[in-house]
Amino acid sequence: MLRLIFTTPSLTQRSVAILSESSDVLGSDFSHRAAAAMITGVRNALIMENTNRLLAGESADAVYPSAVANANEAFALLRSGL
């Protein structure tokens with residue numbers, strides 16, 4: 001998926017715009033931007049895991065239990081400070 005984004009100029013431009021908009025919303029406080037980056041990183045990792053499994057042919061019903069477990073684990077890691 002990342003390859004598609006970075007090899008398609010319009011998608012690359014849009015992804016850069018989204019990152020820029022996110023920074024503008026969070027302002028100049030580094031701790032806010034760092035926290036947002038960590039949360040976004042977890043979200044992106046979960047999206048990629050689930051997408052890859054679905055594209056590999058697993059059903060949504062089969063993926064769901066581990067997707068929930070992975071989300072709970074990932075956000076628990078964030079809460080505990082890794």
Side-chain angles (χ1 to χ4, degrees):
M1 186 181 306
L2 288 177
R3 188 174 350 158
L4 175 65
I5 291 171
F6 291 116
T7 59
T8 307
S10 61
L11 294 177
T12 302
Q13 184 179 14
R14 182 65 187 136
S15 67
V16 170
I18 289 169
L19 289 173
S20 177
E21 291 167 8
S22 298
S23 295
D24 292 344
V25 168
L26 295 170
S28 61
D29 188 336
F30 175 76
S31 62
H32 293 167
R33 291 193 316 273
M38 288 183 258
I39 293 166
T40 301
V42 165
R43 183 200 65 181
N44 290 346
L46 293 167
I47 289 169
M48 291 301 297
E49 174 70 15
N50 297 332
T51 300
N52 286 337
R53 290 181 64 190
L54 292 169
L55 290 174
E58 290 186 63
S59 71
D61 287 338
V63 171
Y64 180 78
S66 61
V68 171
N70 289 341
N72 288 333
E73 178 183 0
F75 285 107
L77 286 169
L78 281 180
R79 276 191 300 277
S80 69
L82 300 175

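Heavy-atom basis, side chains included; hydrogens, waters and symmetry copies ignored.
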Which donor-acceptor pairs under 3.5 Å do side chains of residues 67-75 form with protein atoms, sequence neighbours excluded?
residue : atom : partner : partner atom : Å
Asn70   : ND2  : Ser66   : O            : 3.3
Asn72   : ND2  : Val68   : O            : 3.3

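Residue pairs that meet the salt bridge (Lys or Arg N to Asp or Glu O under 4.0 Å) test with at least one member in residues 34-63, sequence neighbours left out, are Arg53-Glu58.
Atom CG of Asn44 is separated from atom CD1 of Ile39 by 12.0 Å, given to the nearest 0.5 angstrom.
Residues that satisfy the side-chain contact (heavy atoms from CB on, under 4.5 Å) test with Ala45, not counting sequence neighbours, are absent from this structure. Residues that satisfy the side-chain hydrogen bond (donor to acceptor under 3.5 Å, both in side chains) test with Ser59, not counting sequence neighbours, are absent from this structure. Not counting sequence neighbours, the partners of Asn52 by the side-chain contact (heavy atoms from CB on, under 4.5 Å) test are Met48.
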